[in-house]
Amino acid sequence: RNGVGTNTVCAACSLGGSMEPVSLEPSLVSVKAILILDNDGKRIVCKYYDDTFPTQKEQQKFEETLFQKTHRANAEIIMLEGVTAVYKSNVDLFFYVLGAQTENELMLMGLLNGLYDSVSHVLKRNVEKRSLLDRMDALMLILDELVDGGVILETDSSVLIQRIAIRIDEGTFTDQSVRQVLQAAKDNLKWSLLK
C-alpha cells in the first residue's frame, strides 16, 4: 500500500534488483560514525554510533576500504557498503562523517564542516596530525558536543567552540594551581612526619 501518510519508497537496485518497498521510518539517529584517519589510513579517532560494523576488525576493514577509495579522489562524498560517507582532507588528516545510505548528504556535510571548522579553530588553523594529537582533549569535547548517540546536536562551529571553551575552562588545571596542590601535599607530608 502506497497511500497518503505512509513512509515507503520503491527502491530499484541499479544492478537489476527488484522493485520492493523500503520503509523510511523517521529517526533522529542520522550519524553512523565520525572518523579521523592519518595519511596512511590509520585511525586517529573514531566514534561509531550504531552496530553497522559491530567488531573492531570489521570497523578497521571498512576504514581501510574507505581510505583506499577516497585518499586520491577529488570528490567529497562516496557511497560504500551501504553507507554514505562525506569527507575532507587537509595536510595529513582525513575527516569522515558516515550516515545511512538514505541520509541527506547536505546534513552530513554540514556536520563535517562544523567538525572541521571547530578543530581548525582549536588548532589555530594548523590542522595536522601532530597538532591534533596534542589537543586530543579538545577534539573529544568537540565530538561530544557535535553528536550524541548518532543524533546531531550542533553543527555551528562558533557555538561548538564556545561550548568547549567553557568545558575546558571548568576542567583543566593551570600551572599555578598544580604548584599549589603540590606545595600543599609537601606541607601536609612535612607536618605528618614532624608529629
Side-chain angles (χ1 to χ4, degrees), residues 28-73 75-100 103 105 107-172:
L28 289 176
V29 177
S30 57
V31 178
K32 291 187 171 288
I34 295 177
L35 310 171
I36 301 177
L37 306 178
D38 66 9
N39 60 347
D40 295 322
K42 301 295 182 216
R43 190 185 273 192
I44 304 282
V45 171
C46 71
K47 275 192 122 172
Y48 285 86
Y49 299 104
D50 71 359
D51 59 352
T52 301
F53 305 102
T55 66
Q56 186 172 358
K57 187 176 182 177
E58 289 174 319
Q59 291 172 2
Q60 288 177 332
K61 183 179 178 207
F62 175 77
E63 291 166 15
E64 289 171 12
T65 305
L66 180 65
F67 181 75
Q68 289 302 319
K69 299 276 185 187
T70 60
H71 80 284
R72 291 193 181 139
E76 296 178 331
I77 183 169
I78 186 171
M79 295 182 105
L80 180 68
E81 296 182 26
V83 173
T84 300
V86 294
Y87 60 97
K88 181 181 281 200
S89 64
N90 188 18
V91 185
D92 57 354
L93 294 173
F94 288 81
F95 294 78
Y96 298 91
V97 174
L98 310 178
E103 196 56 66
E105 297 90 357
M107 185 174 63
L108 295 175
M109 188 57 80
L111 180 65
L112 177 64
N113 288 334
L115 168 64
Y116 184 84
D117 293 345
S118 299
V119 169
S120 179
H121 180 80
V122 167
L123 299 179
K124 297 178 174 68
R125 309 282 180 242
N126 187 24
V127 182
E128 59 182 26
K129 182 178 176 180
R130 184 174 178 182
S131 300
L132 187 67
L133 292 173
D134 289 342
R135 294 300 315 266
M136 191 63 77
D137 58 338
L139 174 62
M140 298 311 286
L141 289 173
I142 290 169
L143 292 176
D144 287 346
E145 293 293 333
L146 271 172
V147 177
D148 184 25
V151 178
I152 297 173
L153 301 176
E154 184 62 62
T155 60
D156 184 357
S157 62
S158 60
V159 173
L160 290 166
I161 292 163
Q162 189 177 32
R163 286 184 186 169
I164 67 159
I166 292 169
R167 289 179 63 181
I168 287 174
D169 289 343
E170 290 174 353
T172 59

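All residue numbers in this chain count up from 1 along the given sequence. No experiment lies behind these values; they were computed from the predicted model shown.
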Enquirer: Check step by step if side chain to side chain contact (heavy atoms under 4.5 Å, CB included) holds for Ile152 and Ser30.
Expert: CA-CA 7 Å; Ile152 297 173; Ser30 57; 3.6 Å; yes
Enquirer: Name all residues meeting the side chain to side chain donor-acceptor pair (under 3.5 Å) criterion together with Gln59; count only those two or more places apart in sequence or in a different chain, and write none if there are none.
Expert: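 Partners of Gln59 by the side chain to side chain donor-acceptor pair (under 3.5 Å) criterion, ordered by chain and then number, come out as Arg43.
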Enquirer: Got a second to check how far Arg135's CZ is from Arg130's CZ, nearest 0.5 Å?
Expert: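 Going from CZ on Arg135 over to CZ on Arg130, the span is 15.0 Å.
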Enquirer: Take Leu111 and Val31 through the side chain to side chain contact (heavy atoms under 4.5 Å, CB included) test and state the conclusion after the steps.
Expert: CA-CA 9 Å; Leu111 180 65; Val31 178; 3.5 Å; yes
Enquirer: Looking only at heavy atoms, what is the nearest atom pair of Asn126 and Ser131, with distance?
Expert: ND2-OG, 2.9 Å
Enquirer: If I take atom SG from residue Cys46 and atom CG from residue Leu35, how far apart are they, to the nearest 0.5 angstrom?
Expert: 6.5 Å
Enquirer: State the NE2-CG distance between His71 and Asn39, to the nearest 0.5 angstrom.
Expert: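 It comes to 9.5 Å.
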Enquirer: Under 4.5 Å between any side-chain heavy atoms of Ile142 and Val119, yes or no?
Expert: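 When only atoms from C-beta onward are counted, Val119 and Ile142 do touch, with a gap below 4.5 Å.
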Enquirer: I want to check something: taking the side chain as every heavy atom from C-beta on, are Thr52 and Phe62 in contact at a cut-off of under 4.5 Å?
Expert: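 They are not in side-chain contact.
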Enquirer: List in chain and number order the residues that pass side chain to side chain contact (heavy atoms under 4.5 Å, CB included) with Met140, two or more places apart in sequence or in another chain; answer none if no residue qualifies.
Expert: Val45, Met136, Leu143
Enquirer: Are the side chains of Ile34 and Tyr49 in contact, using a 4.5 Å heavy-atom criterion?
Expert: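 With C-beta onward as the side chain, the pair touches.
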Enquirer: Rounded to the nearest 0.5 Å, how far apart are CG of Leu132 and CG of Leu93?
Expert: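 Leu132 CG to Leu93 CG: 5.5 Å, rounded to 0.5 Å.
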Enquirer: Name all residues meeting the side chain to side chain donor-acceptor pair (under 3.5 Å) criterion together with Asp38; count only those two or more places apart in sequence or in a different chain, and write none if there are none.
Expert: Lys129
Enquirer: Once ring-ring contact (aromatic ring centres under 6.0 Å, His included) is applied, what residue pairs with a partner in residues 124-158 remain, sequence neighbours excluded?
Expert: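 Applying ring-ring contact (aromatic ring centres under 6.0 Å, His included) to every pair that reaches into residues 124-158, excluding sequence neighbours, yields nothing.
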Enquirer: Could you check Leu123, Ile36, Val122, Leu133 and say which one makes a side-chain contact (heavy atoms from CB on, under 4.5 Å) with Leu139?
Expert: Ile36
Enquirer: Taking it one step at a time, do Leu108 and Glu103 satisfy side chain to side chain contact (heavy atoms under 4.5 Å, CB included)?
Expert: CA-CA 8 Å; Leu108 295 175; Glu103 196 56 66; 4.0 Å; yes
Enquirer: Return each pair, listed once, that meets ring-ring contact (aromatic ring centres under 6.0 Å, His included) where at least one residue sits in residues 110-156; pairs must be two or more places apart or across chains.
Expert: Phe95-Tyr116
Enquirer: With side chain to side chain contact (heavy atoms under 4.5 Å, CB included) as the test, would you mind laying out the steps for Phe53 and Val83 before giving the verdict?
Expert: CA-CA 11 Å; Phe53 305 102; Val83 173; 4.1 Å; yes
Enquirer: Only counting residues at least two apart or in another chain, list the ones meeting side chain to side chain contact (heavy atoms under 4.5 Å, CB included) with Thr70.
Expert: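 Here the qualifying residues are Leu66, Ile78, Tyr87, Tyr96.
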Enquirer: Would you give the length of the straight line joining atom CD of Glu63 to atom CD of Gln68, rounded to the nearest 0.5 angstrom?
Expert: 12.5 Å
Enquirer: Among Thr84, Asp51, Asp50, find the one that has a side-chain hydrogen bond (donor to acceptor under 3.5 Å, both in side chains) with Lys32.
Expert: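 Result: among Thr84, Asp51, Asp50, Asp50 is the only option passing the side-chain hydrogen bond (donor to acceptor under 3.5 Å, both in side chains) with Lys32.
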Enquirer: Return each pair, listed once, that meets salt bridge (charged side-chain N to carboxylate O under 4.0 Å, His left out) where at least one residue sits in residues 81-94; pairs must be two or more places apart or across chains.
Expert: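 Qualifying pairs, neighbours excluded: none.
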Enquirer: Among all residues two or more places apart in sequence or in another chain, which pass the side chain to side chain donor-acceptor pair (under 3.5 Å) test with Glu58?
Expert: Thr55
Enquirer: Output all residues satisfying side chain to side chain contact (heavy atoms under 4.5 Å, CB included) with Glu154, sequence neighbours left out; order by chain, then residue number.
Expert: Asp156, Val159, Leu160, Arg163
Enquirer: With sequence neighbours excluded, give me every ring-ring contact (aromatic ring centres under 6.0 Å, His included) pair touching residues 131-158.
Expert: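 Qualifying pairs: none.
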Enquirer: Val91: what forms a side chain to side chain contact (heavy atoms under 4.5 Å, CB included) with it, not counting sequence neighbours?
Expert: Glu128
Enquirer: How long is the straight-line distance from OG of Ser89 back to CD of Glu76, given to the nearest 0.5 Å?
Expert: 10.0 Å
Enquirer: Hey, are the side chains of Leu153 and Val147 touching, using non-hydrogen atoms and a 4.5 Å cut-off?
Expert: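 Contact flag for Leu153/Val147 side chains = no.
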Enquirer: Partners of Lys47 by side chain to side chain donor-acceptor pair (under 3.5 Å), sequence neighbours excluded?
Expert: Asp144
